[in-house]
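Okay, structure first, notes after.
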Amino acid sequence: MIQELMRQKQLLQKEYVYEKEQFQRQTENMGVRSKVVRGLCWFPIRVGRSYYNSLDQLVVELTRTEATDVDHQFESGKPVCFFEEDASHMLHYLRFVGQVSYVEGDRMVVVMPDANAVARVESADRLGVQLYLDEYTYRLMFEALDNVLTAKGNRLAELRDIAHTSAPCRKSSSLPVRFPWLNSSQEAAVNEALWARDVAVVHGPPGTGKTTTLVEAIYETLRREVQVLVCAQSNMAVDWIAEKLTDRGVNVLRIGNPTRVTDKMLADTYERRFEANPSYAQLWSIRRTIRQLYDNPSGSREARHQKIARLKERATELECQINESLFAEARVIACTLTGSANRLLMGRRFGTLFIDEAAQALEAACWIAVQKADRVILAGDHRQLPPTIKCPEALEGGLDHTLMQQIVEQKPECVSLLTVQYRMADAIMQFPNREFYGGQLTSDPTVRYRSILDWDTPIEWIDSSTLADEEPGTRHTSRTHTPPDKDVITADAFPAQYGEEVASDGLSRTNPAEARLTLEVLKNYLLKIGRDRILYERIDVGLISPYKGQVRLLRQMVRRDGFWKPYRSLLTIDTVDGFQGQERDIIVISMVRSNAKGQVGFLRDLRRMNVAITRARMKLLLVGDQPTLCRHPFYRRLREYVDEVF
């Protein structure tokens, strides 16, 4: 047990060193344009107003003025640094670090270390902002692992032993609660969460109502406890569960700024609640007076210092009063796993901790929050996206083995599998059901035969290699292709040789010919449905590729083609990771890999393909080079399944 946790710590150290070295290489060697394309920086930026926010932090507003269509990786809480570009295009980094407070679209608010830093930023000519190495999160994870390793004779030690040894999970004995609006597997999962005295796992495959089940478990727990802590790895996941709880009338206090920028979400944030408190006006006035006394010293120095000390004491008193009021009113405290270490939560303890999307969180990150709880309920799906690991050696060593996986393996009796899915046509669901869930899932009758067109095939694989080999002007009639008609694609539309390429950033892959084919396949299908029907019924489409380079290429091609203009609000193009937790009526997947050696690279991570396939409600179109992909047994079975369905 101790050895396993020590190994996790060693692997985490490798990941930290690797990320630190990678950041240094990016800073020293990577051009600013490459950083922009990869979403690591904004350049150039325009500096807006600076002010003190409700937490008395000095912040500055930034707006990006170019490459506004590029997805970025800036999020609330992430550290950033600033740089200037001189006339010879050399970058000069400013010697301070800020922290993202808020991001929406092309606007970002950054917490600055002091007024001098703000002045330096405001005086810069060609200014950019770049993500900085997040050492704070690593420090929290290392501290959490150390605390877990050394825990003795306390609740943390007991939870550690339950997760990593044969120590039994305890359950309370009480009659089950009936939830007529839930199916039997969801009802059982809620009751298991209520009975658990130590730990429980809600395993929710795609479309099985994991969030619905988790919200019910939280709501029912609040009948027994005054307050609970709800966490997730990402801000997006925290926002989603917090919004669902708010819809149920639960008083949620959101620590950290939300990604889902809605009035409802903002109203739940600590900052907005803090500003809305009746005592805030007095606190703001006192803070302003303190700043004026510092900025405009006059009179006796000793008298001024005494006045400042009295004002600070009063400000602290008011701040504590407001905090206690906010936490006393809240039934749910919602934050990311890292956010659970926020100073606002210092010294606070919770009877129950709920961790959503637990299969995407590093074990060390989970322990940050677990330290504050007496029992833990984890929800997620370890057959979908794992944590993101950058260091190959750490990945090979098993750093992506999560706390949820550990408990699933050690304590299968604590796991509740949700078995009825409400998203996909049955023909789409059955392949991942066989491959990942042991055939235990069933489709609800309301979705089992759902489709967009009459007599439609729910899943098709368009073999890009076969189309490329045909004679110009011929039409393909293979069962894994769109049936021939007047709108079907012809090979002469794609004279280029199919084959993958290294993307312009040198770090991803593209397949331009396949990208063109992918869009033509989707065009043909949309033409069959009809523009008026698509717009009236709001039939939405997801275009997925495992490779960021292909995603960028597809977005560029869509922007240049007027055909897509009416559909742009209904079309999302993103990576598999970007589609986690989402669903669309139509999903098209561009697989990219096409080479003589049959190398599938990134596509070996079958959990990502599980996510991609299970985003589709009614139609799934796979576009890929079968000779390359089908050398892998998973994709060979997928092709055979598509042939069965056809």
Side-chain angles (χ1 to χ4, degrees), residues 181-189 202-213 381-385 416-462 479-483 521-522 525-526 528-529 533-534 537-544 576 579-589 591 606-624 633-646:
W181 51 92
L182 300 180
N183 66 47
S184 58
S185 66
Q186 292 172 334
E187 184 178 280
V202 178
H203 180 190
T208 55
K210 172 183 65 67
T211 301
T212 299
T213 306
D381 181 8
H382 53 289
R383 301 297 186 183
Q384 294 190 64
L385 287 180
S416 299
L417 176 69
L418 305 182
T419 57
V420 182
Q421 73 87 19
Y422 300 87
R423 176 185 298 167
M424 294 161 274
D426 194 69
I428 298 173
M429 184 273 290
Q430 284 300 341
F431 180 75
N433 185 28
R434 294 180 193 176
E435 292 288 323
F436 300 101
Y437 304 107
Q440 297 180 78
L441 306 186
T442 59
S443 298
D444 186 77
T446 59
V447 302
R448 186 169 295 159
Y449 302 109
R450 69 190 315 184
S451 64
I452 298 174
L453 298 171
D454 293 338
W455 308 107
D456 199 5
T457 305
I459 178 171
E460 298 179 50
W461 186 334
I462 292 82
R479 293 187 306 163
T480 54
H481 290 269
T482 308
V521 166
L522 181 54
Y525 192 69
L526 296 184
K528 288 180 181 179
I529 300 169
R533 183 185 167 198
I534 292 169
E537 297 182 14
R538 307 297 294 171
I539 296 172
D540 52 5
V541 181
L543 191 46
I544 302 177
V576 179
F579 267 96
Q580 174 74 358
Q582 300 186 49
E583 57 188 81
R584 297 291 187 274
D585 294 321
I586 304 165
I587 287 289
V588 188
I589 305 174
M591 310 253 222
L606 304 183
R607 290 174 292 186
R608 279 190 160 77
M609 190 50 58
N610 182 30
V611 172
I613 290 172
T614 56
R615 301 309 94 191
R617 297 188 194 105
M618 291 182 274
K619 183 71 174 184
L620 175 64
L621 292 161
L622 306 163
V623 183
F634 173 86
Y635 294 100
R636 186 162 57 250
R637 292 193 298 272
L638 177 56
R639 185 200 64 195
E640 291 166 356
Y641 176 76
V642 172
D643 286 347
E644 285 176 29
V645 171
F646 198 90

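Start at 1 with the first residue, then count along the sequence.
Residue pairs meeting the salt bridge (charged side-chain N to carboxylate O under 4.0 Å, His left out) criterion with at least one partner in residues 416-437, sequence neighbours excluded, are Arg423-Glu583, Arg434-Glu644, Glu435-Arg637.
Taking Arg584 as the reference, nothing meets the salt bridge (Lys or Arg N to Asp or Glu O under 4.0 Å) condition, with sequence neighbours excluded. Applying the side-chain contact (heavy atoms from CB on, under 4.5 Å) test to Ala188 and every residue at least two apart in sequence or in another chain returns nothing. Residues passing the ring-ring contact (aromatic ring centres under 6.0 Å, His included) test with Phe579: none are found, sequence neighbours excluded. For Gln384, the side-chain hydrogen bond (donor to acceptor under 3.5 Å, both in side chains) partners at least two apart in sequence or on another chain are Asp381, Arg615. For Asp456, the salt bridge (Lys or Arg N to Asp or Glu O under 4.0 Å) partners are Lys619, not counting sequence neighbours. Applying the side-chain contact (heavy atoms from CB on, under 4.5 Å) rule to Thr213 yields the partners Gln186, Ala189, Val190, Val202, Leu418; only residues at least two apart in sequence or on another chain are considered. Every residue two or more places apart in sequence or in another chain that forms a side-chain contact (heavy atoms from CB on, under 4.5 Å) with Thr419 is listed here: Ser185, Leu417. Annotation: salt bridge (Lys or Arg N to Asp or Glu O under 4.0 Å) contacts of Arg448 (sequence neighbours excluded): none. Judged as a salt bridge (Lys or Arg N to Asp or Glu O under 4.0 Å), and not counting sequence neighbours, the contacts of Asp540 are Arg617. Tyr635 meets the ring-ring contact (aromatic ring centres under 6.0 Å, His included) test with His632; sequence neighbours excluded. Remark: Trp455 pairs with no residue by the side-chain contact (heavy atoms from CB on, under 4.5 Å) rule, at least two apart or across chains.
For the atom pair CG of Asn433 and CD1 of Ile428, the computed distance is 13.5 Å after rounding to the nearest 0.5 Å.
Of all heavy-atom pairs between Arg538 and Asp585, the closest is O-OD2, 3.9 Å. Here the shortest heavy-atom pairing between Lys210 and Gly204 reads CB-CA, 4.1 Å. Looking at every heavy atom in both residues, Ala427 comes nearest to Ile459 through O-CG2, 4.4 Å.
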